[in-house]
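Sequence lines set the chain letters: A, B, ... in the order given, protein chains first and strands last, and positions in each chain run from 1.
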There are 2 protein chains.
Amino acid sequence: MTPEQRRAAIVDATLRVMIRQGIAASTARDVAAEMGTSSGLIHHYFASMDDLLAEAFDRVASDDLARTVAALDASSEPVERLAIFFAFYIRADEDWGMQLWLDAWSEAARRPALQQTSRRLNEAWQSLVADLIRDGMRSGEMTCDAPDAVAWRIISLLDGLALQAVAHADLVAREDANAWARGYAEDELALERGALRLRASHRA
Amino acid sequence: MTPEQRRAAIVDATLRVMIRQGIAASTARDVAAEMGTSSGLIHHYFASMDDLLAEAFDRVASDDLARTVAALDASSEPVERLAIFFAFYIRADEDWGMQLWLDAWSEAARRPALQQTSRRLNEAWQSLVADLIRDGMRSGEMTCDAPDAVAWRIISLLDGLALQAVAHADLVAREDANAWARGYAEDELALERGALRLRASHRA
DNA sequence: AGGCCTATTGCACACTTGTCCAACAGTCCC
DNA sequence: GGGACTGTTGGACAAGTGTGCAATAGGCCT
């Protein structure tokens, strides 16, 4: 096994443990057991547990982002692209995605590397949406007086819906959360006279 | 010190520790040090650390709820009452309130008592909003085809905004989050022809 | 005053954590 | 084959955890 492969294998195992037990409860020994190796090996490749957790979280979150970007490239229609973003951000097929983000947010206070990673990816998502809006503005299909602010708010609201869906998975059907998010999206897009008008403040 | 006073003092100290260090990093010894007593005392009053954390979280969250209910009673005007709710739920004066909820959500997976408490209070907030809407419907000032669903969605969206405001406190001014939440609120209330129409699905 | 009862102490216990490290094993080069 | 190098091991280590418990202190009642 080359060093690169080994590193990747450790990150893989860490990811499985994180998804199974949550970030806070993932220990070096758990990861070692998951791989069937000794725990010392982990610190041979990663300076600290914080770094390892951050890198593992980075991988899933970055992959999610990359998959979304790839899917977006399939369409050049700005409004359709925004719809694709919503579909991907909801992550209806994974029930652990949002739990991981939740853990990362909460754990970030005590793990510097994880905090940095979580923030970087959050900003990447926000800027992706902002770019989507700007694209729509360039092609004249959207109007928006503050793309960054609107993008930030869209991310926030979707996070809130996903959060409650995770916290109350048994009370609220996941499909409901998705439907509502989609409904909000379409409302937020404010289809008016065939053009998309994204509002920075709801009260004009 | 009577047993009741001592219990309350322990909960008080736990609360201070929780706010300072986060729920996950709050230990029995920290609480004891905060009170200037021995750590054994804590387990004389609480069966487990999980129970203590749950009770401490219960206290803040219940107090927040009670304060909101008290403020609501000051107004009998349904629309005004909903506005009051929004103002209280944003919790602009406390910068730790949302962090505590975030910790509770994340930590709930590993602490049964905390999970139960967090869920109970979340449902209480949701049902408060639902009742507010039903009041408005009774007096004819609001129309809503699914008060519970709308209440759940309102809570979700506000949580999302508060969440991002906590995670990126330095990137996004708290006042912006509040302004947006308020803006969303007014939009959600959908003031139309002087009457409040609360939509269950955004797409009619 | 004496007895009792309970709050409170301080510590022991078993266990887990991240981190580190001396020893071992495998492989590749000379 | 022998040596050097590096991946890998397994365990040591100190610091932490929740939990239980014998011993103490302190006040209250009789």
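No contact: B:Phe46 has no heavy atom under 4.0 Å from any strand. Residue B:Ser39 is in base contact, counting any heavy-atom pair closer than 4.0 Å across all strands shown. Counting non-hydrogen atoms under 4.0 angstrom, A:Arg6 reaches the backbone sugars and phosphates but no base.
Rounded to whole Å, the distance from NE2 on A:His44 to C1' on C:dG18 is 17 Å. The separation between A:Leu52 atom CG and C:dT19 atom C1' is 14 Å, rounded to whole Å. In this structure, A:Tyr45 places its OH atom 18 Å from C1' of C:dT19, rounding to the nearest Å. Between the NE2 atom of B:His43 and the C1' atom of C:dA7 there is a distance of 17 Å, rounded to whole Å.
Of the residues near DNA chain C, A:Gly40 and B:Leu41, the one whose nearest nucleotide (by heavy atom distance) lies more toward the 5' end is B:Leu41. Ranked by how close their nearest DNA chain D nucleotide is to the 5' end, A:Ile42 and B:Asp50 are led by A:Ile42.
In terms of phosphate contacts, A:Thr27 brings a side-chain nitrogen or oxygen within less than 4.0 Å of OP1 or OP2 of C:dT17.
Using a 4.0 Å cutoff to heavy atoms of chain B, the contacted part of DNA chain D runs 5' to 3' from D:dT17 to D:dG20.
To the nearest 0.5 angstrom, B:Arg110 atom CZ is 11.0 Å from B:Gln115 atom CD.
At a threshold of 4.5 Å between non-hydrogen side-chain atoms, the residues B:Glu55 and B:Ile10 do not count as touching.
The side chain of B:Arg29 lies closest to C:dA12 when the candidates are C:dT8, C:dA12, C:dT17.
B:Ser26 pairs in a side-chain contact (heavy atoms from CB on, under 4.5 Å) with only one of the listed residues (B:Arg16, B:Met18, B:Glu34), which is B:Met18.
Electrostatic pairing of A:Arg59 and A:Asp12 counts as a salt bridge here, judged by a charged N lying under 4.0 Å from a carboxylate O. Note on A:Asp131 versus A:Arg138: no salt bridge recorded, every NZ/NE/NH1/NH2 to OD/OE distance being 4.0 Å or above.
Around the CD atom of B:Glu77, the shell of radius 6.0 Å holds more than 12 heavy atoms that belong to other residues, nucleotides or ligands.
Residue A:Trp125 comes nearest to A:Thr68 through the heavy atom pair CH2-OG1, 3.2 Å, listed as atom of the first residue, atom of the second, then distance.
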